[in-house]
Amino acid sequence: MLIMMISLQVTHLEADPIKALLVTGGCCHDYENQKVIIPKGISERIKGGVDWTVIHQGGKATDVMIPFYQDQEWSKEYDIVVHNECFANVADEPFVQGILQPHREGLPAIVIHCTMHSYRKGEAKTDWWEFCGAHSQRHGPKHPFEVQFLLPDHEILKGLSEWKTPNGELYFIEKMMPGMTPLAESKSEKTGKMETNIWINEFGEKKTRVFGTTIGHHNETIEDPHYLNVLTRGFLWALGYDIDESFTKKD
């Protein structure tokens, strides 16, 4: 089992940097490169600073309860968590609830792509879907797709342009959770239906801010400036920051 812990700090100004955690690993994706692309892309677009810790554990398996989450205080040092993981067959309810608890208590999050397909076998699966904001079990064939904004004036999307992904894997959304607000969608080549693929969510009694996107299978898609602009603005929204004040657009 691969266990990696990386600390990457990018500081632009004198202000204290955001302490961000990226948790990644599991099946079916190039997490080795994505764990570099995502922190770098976000950091380049934020005034101030981001102090990143990257946890890459679990190898390529789908059923690993990674050691990092087994520490009850795994989240205590961080302002926000970016989940980019793929552990579909983890079914242990106390383990999954241990991941969710800090978010129930108000810790903001970003959930990317296969995170929505993770932790879906056990009793905690409904809680996980409520955290993510959407229930998805399947995806269509790989193909580029047009990302169409539903709320172009929302603070996350304002001033950005719709785009076509260089490649993609469009997830089918079976249910939107009560706290979820769709921001963008794309058309499936397989079904012809529009599928929500960017959204915001409020989780639990504290209405914790969660930004979600099912876009993000291919590295060339994640590296696209359009994607990184949206991801960064979602990151700032989840933190409750003034996006226009903190965001530096990259084309």
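Only a predicted model underlies this, so the values are computations on that prediction, with no experimental measurement involved.
- Annotation for Thr24 and Asn84: closest pair OG1-O, 2.7 Å, computed over non-hydrogen atoms.
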- Task: Please lay out, stage by stage, how Lys121 and Asp92 fare under the test salt bridge (Lys or Arg N to Asp or Glu O under 4.0 Å).
- Result: CA-CA 9 Å; Lys121 296 295 185 180; Asp92 186 275; over 6 Å; no
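- Taking the centre of each ring, Tyr171 and His139 come in below the 6.0 Å mark.
- Judged purely by atom type and a 3.5 angstrom limit, Trp128 has no side-chain atom pairing as donor or acceptor with the backbone of His135.
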- Asn197 vs Thr214, side chain to side chain donor-acceptor pair (under 3.5 Å): CA-CA, chis, key distance, verdict: CA-CA 5 Å; Asn197 52 18; Thr214 56; 5.2 Å; no
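- Residues Leu107 and Thr208 have side chains not in contact (no heavy-atom distance under 4.5 Å, counting atoms from C-beta outward).
- No more than 12 heavy atoms of other residues, nucleotides or ligands lie within 6.0 Å of NZ in Lys193, so this atom counts as exposed by the packing criterion.
- A heavy-atom distance below 4.5 Å is not found between the side chains of Val82 and Val23.
- The shortest side-chain heavy-atom distance between Thr165 and Asp224 does not fall under the 4.5 Å cut-off.
- Across Gly58 and Val64, no two heavy atoms sit closer than the pair O-CG2, 3.7 Å.
- A donor atom on one side chain and an acceptor atom on the other are found under 3.5 Å apart for Gln97 and Asp127.
- If you take CE on Met177 and CD on Glu202, they are separated by 15.5 Å, rounding to the nearest 0.5 Å.
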- Would you sort out whether Ile18 and Ile80 count as a side chain to side chain contact (heavy atoms under 4.5 Å, CB included), showing the intermediate values? CA-CA 8 Å; Ile18 299 162; Ile80 188 170; 4.2 Å; yes
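- In terms of modelled atom types and a separation under 3.5 Å, the side chain of Asp79 and the main chain of Lys19 share a donor-acceptor contact.
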- Walk me through it: do Thr53 and Leu22 pass the test side chain to side chain contact (heavy atoms under 4.5 Å, CB included)? CA-CA 6 Å; Thr53 298; Leu22 169 62; over 6 Å; no
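- The shortest distance between side-chain heavy atoms of Trp199 and Phe211 does not fall below 4.5 Å.
- With rounding to the nearest 0.5 angstrom, the NE2 atom of His218 is 10.0 Å from the CD atom of Gln34.
- Aromatic ring pairs are classed by plane angle as parallel below 30°, tilted from 30° to 60° and perpendicular above 60°; the pair Trp163 and Tyr227 is perpendicular.
- Put simply, the side chain of Ser246 never gets that close to the backbone of Lys47: no donor and acceptor are under 3.5 Å apart.
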- For the pair Glu73 and Lys76, evaluate salt bridge (Lys or Arg N to Asp or Glu O under 4.0 Å) and give the outcome as yes or no after the intermediate values. CA-CA 6 Å; Glu73 297 186 335; Lys76 69 177 184 178; 3.2 Å; yes
- What do the steps show when you test Cys114 against Cys86 for disulfide (SG to SG under 2.5 Å), and what is the final call? CA-CA 5 Å; Cys114 199; Cys86 197; 2.0 Å; yes
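- Relative to the ring axis of Phe247, Arg233 places its NZ or CZ within 45° and under 6.0 Å from the centre.
- One distance of note links CG of Leu231 with CD1 of Ile38; it measures 6.5 Å at 0.5 Å rounding.
- Distance NE2/His117 to SG/Cys28: 11.0 Å, rounded to 0.5 Å.
- Residues Arg209 and Trp237 approach most closely at NH1-O, 2.7 Å, considering heavy atoms.
- Within the 4.5 Å cutoff, no side-chain heavy atoms of Val81 are placed close to those of Ile110.
- Here the side chains of Leu151 and Thr181 are in contact, with some heavy-atom distance below 4.5 Å.
- In this structure a side-chain-to-backbone donor-acceptor pair under 3.5 Å is present from Ser186 to Glu146.
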- Message: Ser161 vs His226, test: side chain to side chain donor-acceptor pair (under 3.5 Å). Steps then yes/no.
- Response: CA-CA 7 Å; Ser161 301; His226 295 91; 5.4 Å; no
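- Under the ring pair (Phe, Tyr, Trp, His ring centres under 6.0 Å) test applied with His103, the options Phe131, Tyr78, Phe203 reduce to a single match, Phe131.
- Side-chain atoms of Glu185 do not come within 3.5 Å of backbone N or O of Glu195 as any donor-acceptor pair.
- The environment of Lys142 atom NZ is dense: over 12 non-hydrogen atoms of other residues, nucleotides or ligands sit within 6.0 angstrom.
- Side-chain contact check for Glu105 and Gln101: at least one donor-acceptor pair (N or O, by modelled atom type) lies under 3.5 Å.
- Smallest separation of non-hydrogen atoms from Lys190 and Phe172: CD-CZ, 4.2 Å.
- Side chains of Pro39 and Val54 form a contact here, defined as non-hydrogen atoms less than 4.5 Å apart.
- The backbone N or O of Met65 lies less than 3.5 Å from a partner atom in the side chain of Gln70, making a donor-acceptor pair.
- For the pair Asn219/Thr221, no side-chain contact is recorded, criterion being any heavy-atom separation below 4.5 Å from C-beta on.
- Side-chain N/O atoms of Ser43 and Trp52 include a donor and acceptor closer than 3.5 Å.
- Ile66 and Tyr31 fall into different hydrophobic clusters, where Ile, Leu, Val, Met, Phe, Trp and Tyr are joined by side-chain heavy atoms under 4.5 Å apart, directly or via other members.
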- Can you list the steps and then say if Phe149 with Leu160 is a side chain to side chain contact (heavy atoms under 4.5 Å, CB included)? CA-CA 10 Å; Phe149 293 169; Leu160 302 183; 4.3 Å; yes
- Full working for side chain to side chain contact (heavy atoms under 4.5 Å, CB included) between Glu174 and Gln137: CA-CA 7 Å; Glu174 299 185 21; Gln137 295 274 80; 3.1 Å; yes
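- Note: His113 and His29 have perpendicular aromatic rings, judged against thresholds of 30 and 60 degrees for the angle between ring planes.
- When the shell of 6.0 Å around CD of Glu162 is examined, it contains more than 12 heavy atoms from other residues, nucleotides or ligands.
- Note on Met194 and Leu157: separate hydrophobic clusters, where clusters join Ile, Leu, Val, Met, Phe, Trp and Tyr whose side-chain heavy atoms are under 4.5 Å apart, directly or indirectly.
- Summarising the geometry of Val90 relative to Asp63, their closest heavy-atom pair is CG2-C, 3.6 Å, with the distance given to 0.1 Å.
- The CG atom of Leu150 lies 6.0 Å from the OG1 atom of Thr196; values are rounded to the nearest 0.5 Å.
- Remark: the His83 side chain and the Glu85 side chain contain an N/O donor-acceptor pair separated by less than 3.5 Å.
- Between the OH atom of Tyr119 and the CH2 atom of Trp129 there is a distance of 15.0 Å, given to the nearest 0.5 Å.
- In plain terms, the two heavy atoms of Leu21 and Phe68 that are nearest each other are CD2-CE2, 3.7 Å.
- Of the possible donor and acceptor atoms, none in the side chain of Asn167 sits under 3.5 Å from a partner among the backbone N and O of Glu220.
- Side chain of Thr213 to main chain of Ile198: no donor-acceptor pair is present (N/O by atom type, distance under 3.5 Å, no hydrogens or angles).
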